[in-house]
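Okay, structure first, notes after.
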Amino acid sequence: MEKNSVFVFGLVLFSQSWYIACLAKNLSLSTEESALLAFKANINFDPRSILATNWSNITSCCVWIGITCGPRHQRVTELNLYDMNLTGTISPYLGNLSFLKVLDLSNNTFYGYLPEELSRLHRLRFVNLGDNSFSGGLPTWFDSLTNLQVLDLYGNSLTGHIPPSFFNLSKLERLALDTNYFEGNIPNEIGNLQNLQVVSLASNKFSGPIPSTIFNISLLQILELSNNSFSGGLPMDICDNSPLLEQLRLPYNQLSGQVPANLAECRALQLLALSYNEFNGTIPPELGNLTMLQELYLGVSKLQGEIPPELGNIRNLSILSIPAALLTGPIPSTIFNNSCNVIQLANNSLSGSLPLDLCHSLPNLQNLLIENNKLSGSIPRSIGNCTMLINLSLSGNNFTGAIPEEIGKLQSLRQLNLHVNSLTGPMPLSIFNVSTLQAISLTQNYLTGYLPSNIWFSLSNLQGLYLAVNQISGVIPSSISNASQLSSISITSNYFTGFVPNSLGDLQHLRLLALGDNNLTDEDPNQEISFISSLTNCRNLELLYAQANPLGGYLPPSIGNLSNSLQYLDLSRSRISGSIPVQIGNLSNLINLDLSGNELIGSIPTMVGDLQILQRLSLLDNRLQGSIPGDICSIRSLGELLLGQNDLIGSTPACFGNLTSLRILELDSNKLTSIIPATFTKAKHGRSTRILLLKYLFPIVAAVMLVVAIVVLLVRYQKRSKNDIAHSSALEETLDEYGSEGIASTRGDVYSFGILLIETFTGKKPTDDSFGEEMSLRQWVSDSSITTIADARLLREGEEHFSAEEDFCVFSIMELALDCSKESAEERINMRDALHRLQEINIRFLKDTRTARNG
């Protein structure tokens, strides 16, 4: 009887314990389910209706999408709603999921602050809240999550500093705070996190030095600090305590000093990115010992000297990128003996030539980018062996000789950039057989040849054709329209003849059409210009240049039907006659309209007033009659109005005084009864307007414009005189006064130009009495300061001294003049370089004066 009582008592006790345990379990599940439903209630956008249809108290929360429960206690251990396009805030009840180990809400649009109740989730090991819109500072309670191993908060709008207490998370292995708005210094306490393997703090506003303690983390594999404002240098012993470092990403900062040679001790390094900083000194040859290195980025820095040949020892290197530094000397031949996919050395001062066996050991080369250096010699024929090439850019060098036919073997090539060199000979037709080409840029060379007529069907990917400033002749084939993806055609300054084909109107993607300075005509010079009408089908056309061609004919009324996107229209010096169609006013997005130097008659149509965003209108040198329409005054953005050398009559509209943007007004050589309206002479809204009646032209700008025009003439003379010496006599007569040897030569021309520059800006000549055997004009300039040699007539009215911007402009031009007029012909720069420098001076001067005026 007693045994039965004991048994019954034990059974009751077990039943009660089981009941209490079940009750506790159900209560816990009920609490977690309630917490999750509260989380769901804070979701205000669920485009896939995942939570709306699946998260229901009809079923256990352990089977809900995104929920994982532990097998033993059936408690929620994981909440993973990655990339579900959810929008909402985080419910504080989420802090009731006390068994939660994994929280992943990344790639959604959660916003607001992170609730402090999350600090109760002491079992959390993995938190990824990246790519959301959370705001506020980094919560201080994170340091209570002592089991945390991964913390990803990247891609939010978090702000403020990182508190030192944050670095008490001793188990943390990955920290990703990139792409936020954190600022200030990184505390030295980051070195306490000895289990860190990945640190990503990129794209924030961090500043100050990179704490050296971070390089004492022996398990560190990836350090990503790019796109901040870190300053100072890198420790010289950077790799002594980081033997496992695989990626060091520090670009887009303000780091300076030398690149530590000690980086060679990071034997596991696979990626080294230090570009877009202020590093100086030379590239350590020790980097050649990084046998595991695959990507090396050192560009856009102040690194100088030669490229160490030792870099060629890195057999696994796939990307070598050192553009826009101060590198000099030849490219080591060893660089071309590894497995590189990308060699990017553009915008340095590298010299020498390319090896003849360039592609012998580069079977994987896809991008060879060495533009804008001082490389010379010929392009090796072995380039055809780099069969994987996608982008070949050799532009802005001094390569000579012919373009090798072997380039036609590069059947994966997309970009061919050989512009601004000294290449000669016929343009190889083989390049037009490369069907993958997207851009062909051969501008500014000495190439001859013609455009083939039968291959354009195969160029179905071609988007840009740039052949300007060469000696290419023949006709523009009508079949060019079969390259249906063409968006840019630039053949300016060549010897093209024949008609402009109407088939150009079939190019639906055309944005740029530059045909200027050739010998192109229209089908009938006594009729409307037909190709303009055909271009009305090109609804994306933005830039149309056909200046300096003997087109003849009339402007068709259909000109007003050109693309609404058209911004620049230049038909100057094209022998166009007839009147300006009133439909010109339909081109509502025009910024620049140039019809100067033609034979236009009639009046200026009042409809030009509809060109509301026009900034420059040039109708110079025509035979326009009538008065200047006051409708022009409605173009509030007009900055240049050039109406000189016509037969305009009447008075200048008084409303010109309301054109507050107008900076240049040219009305000379007309029959106007009044030139300057009284309202125009008053300085309104701080305006400093220059009225250009030649004598009012800003002197320095006028001088620069004059010499630019002369040097362009000389460049074209040099180019054309090789094939057409008969046309040189007139120019020779013009330059006889400045010649030093009595014969026409390119070196003599550049000397003459140098002396011309000196005369223009000093107002003196070599034949003046003050110069002779003891002191030449050139020597006087070389030995004197700008303030003593500059012609006082260059000063603007009422000024006694040059501004700093004017001083620098004249100084730069005098430097150029001295380089052009050196005694030794071999030491003189060539005319192309002179043009380039002069254009740079002009651009710099205009920019500086604009900055000074706005400042």
Side-chain angles (χ1 to χ4, degrees), residues 500 515-522 524-533 544-560 562 566 568-587 590-611 614-633 635 638-653 656 659 662 664-675 691-694 696-697 705 709:
V500 179
L515 310 175
D517 201 7
N518 280 284
N519 198 30
L520 297 168
T521 59
D522 196 60
D524 189 342
N526 297 314
Q527 299 294 326
E528 293 177 349
I529 303 174
S530 59
F531 83 89
I532 291 180
S533 296
L544 174 56
Y545 302 101
Q547 75 281 4
N549 281 289
L551 295 174
Y554 308 99
L555 292 176
S558 60
I559 194 171
L562 288 171
L566 193 65
Y568 289 82
L569 175 59
D570 189 348
L571 299 174
S572 61
R573 295 169 290 134
S574 296
R575 301 182 188 175
I576 299 173
S577 56
S579 60
I580 301 174
V582 296
Q583 291 83 357
I584 200 84
N586 296 341
L587 303 177
L590 268 186
I591 294 174
N592 189 330
L593 174 59
D594 193 340
L595 301 177
S596 61
N598 283 293
E599 300 171 10
L600 296 169
I601 59 174
S603 60
I604 300 173
T606 59
M607 299 298 289
V608 296
D610 293 339
L611 305 177
L614 194 68
Q615 298 177 19
R616 182 176 185 272
L617 174 61
S618 179
L619 303 177
L620 284 169
D621 192 17
N622 279 283
R623 291 186 288 165
L624 295 170
Q625 300 171 331
S627 59
I628 301 174
D631 303 77
I632 290 178
C633 298
I635 311 175
L638 197 61
E640 296 184 29
L641 179 58
L642 312 176
L643 305 178
Q645 302 175 58
N646 280 285
D647 294 319
L648 299 173
I649 60 175
S651 60
T652 304
F656 275 9
L659 294 174
L662 194 61
I664 299 177
L665 173 63
E666 184 162 343
L667 304 173
D668 66 297
S669 303
N670 278 288
K671 300 176 182 178
L672 299 169
T673 55
S674 67
I675 294 181
I691 305 171
L692 298 194
L693 309 173
L694 293 183
Y696 293 98
L697 182 64
M705 291 170 62

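Position 1 is the first residue of the sequence; numbering continues from there.
When all heavy atoms of Asn598 and Ser572 are compared, the pair lying nearest together is ND2-CA, 3.7 Å. Between Phe531 and Leu515, the shortest heavy-atom distance links the atoms CE1-CD1, 4.5 Å. Contact between Ser574 and Leu571 at its shortest, heavy atoms only, is OG-O, 3.3 Å. Considering all non-hydrogen atoms of both residues, Asp647 and Lys671 come closest at OD1-CE, 3.9 Å. Contact detail for Leu595 and Asn622: the closest heavy-atom pair is O-ND2, 3.1 Å. Between Pro550 and Asn519 the shortest heavy-atom distance is CG-OD1, 3.2 Å.
With rounding to the nearest 0.5 Å, the separation of CG in Asn592 from CG in Asp570 is 7.0 Å. Interatomic distance, Leu544 CG to Ile559 CD1, rounded to the nearest 0.5 Å: 8.0 Å. The CD atom of Gln645 lies 10.5 Å from the CG atom of Leu642; values are rounded to the nearest 0.5 Å.
A search for side chain to side chain donor-acceptor pair (under 3.5 Å) contacts involving Ser558 returns Ser533, not counting sequence neighbours.
Legend: salt bridge (Lys or Arg N to Asp or Glu O under 4.0 Å) pairs involving residues 594-607, not counting sequence neighbours, sorted by first then second residue: Asp594-Arg616.
For the pair Gln625/Ile649, no side-chain contact is recorded, criterion being any heavy-atom separation below 4.5 Å from C-beta on. Taking the side chain as every heavy atom from C-beta outward, Ile632 and Val608 approach each other to under 4.5 Å. Residues Asn646 and Leu600 have side chains not in contact (no heavy-atom distance under 4.5 Å, counting atoms from C-beta outward). No side-chain heavy atom of Asn586 sits under 4.5 Å from any side-chain heavy atom of Asp610.
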Donor-acceptor pairs under 3.5 Å, side chain of residues 577-584 to any protein atom, not counting sequence neighbours: which ones?
none

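A side-chain donor-acceptor contact under 3.5 Å links Asn549 to the backbone of Asn518.
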